[in-house]
Amino acid sequence: MASSILKRTSSTLINGFRSRAYAKLAVGADVIASAPGVSLQKARTWDEGVSSKFATSSLNDVFKGKKVVIFGLPGAYTGVCSQQHVPSYKKNIDKFKAKGIDSVICVAVNDPYTMNGWAEKLEAKDVIEFYGDFDGSFHKSLELDKDLTAALLGPRSERWSAYVEDGKVKVLNVEAAPSEFKVSGGEHILSQI
């Protein structure tokens, strides 16, 4: 049922606006310049958050001078995200490293504590960096945000992946609907690097 709702919302009116099939982020764009002043929150426990004074990670720190594969998904603990998306990167981590990738990053519109618990449950925290986009500002800035109220998820993100070198997008894949898993998986982007 939820899968059909997600597919339906991708091509219908949502809150009076037609969903878009494009994003501000594009091949050649600078991720850092596209989201000025935006930061992400590295997955962590509440106590780690308190001890760090709730520090955030600037996009400059995440992308500058690095080769990064980043993938965004609608939310922690959701079906496709848990069963297919994250595992497709986890099982290919050695292949990403062999291609010189410095970081493989998962980002979702969730708080960093939820992302931490989910990463631990998936046993992926040691190989993939998880970041929360707690207020959705990262995805909104890149126009990769998605209203999934129809599936009771509220404001979330598209399902997407990108290969980024020194902040510049070299490859970008965005699924036609957040419930689909055709172009944003680990195997697909590996073939594009």
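Quick caveat: nothing in here was measured; it's all calculated off a predicted structure. Counting begins at 1 with the first residue of the sequence.
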* To do: Verify whether one side chain among D135 and S137 offers a donor that lies under 3.5 Å from an acceptor in the other.
  => yes
* **Approximate separation, where rounding is to 0.5 Å, of Q84 CD and L73 CG** => 12.0 Å
* To do: Identify, with sequence neighbours excluded, every residue that meets side-chain contact (heavy atoms from CB on, under 4.5 Å) alongside S51.
  => none
* Residues two or more places apart in sequence or in another chain: which of them pass ring-ring contact (aromatic ring centres under 6.0 Å, His included) with F134? -> none
* Cluster overlap V169 with W160, hydrophobic side-chain contacts below 4.5 Å -> yes
* Please state whether the rings of F130 and W118 are parallel, tilted or perpendicular, taking 30° and 60° as the class boundaries. => perpendicular
* To do: Flag yes if V31 and I193 sit in one hydrophobic cluster, no otherwise; membership is Ile, Leu, Val, Met, Phe, Trp, Tyr, and two members link when side-chain heavy atoms are under 4.5 Å apart.
  => no
* What distance separates F71 CZ from N173 CG, expressed to the nearest 0.5 Å? -> 13.0 Å
* Qualifying residues under side-chain contact (heavy atoms from CB on, under 4.5 Å), relative to K64, sequence neighbours excluded -> I32, N60, D166
* Asked: So, E129 and K42, do they make that salt bridge, N to O below 4.0 Å?
  -> yes
* To do: Taking all non-hydrogen atoms of both residues into account, name the closest pair between A124 and V86 and its distance.
  => CB-CG1, 4.2 Å
* If you measure only the distance, is there a donor-acceptor pair under 3.5 Å linking the side chains of N92 and E187? -> yes
* Taking the six-membered ring for Trp, are W46 and F54 ring centroids under 6.0 Å apart? -> yes
* **Heavy-atom closest pair, residues A55 and R44** => O-NH1, 2.7 Å
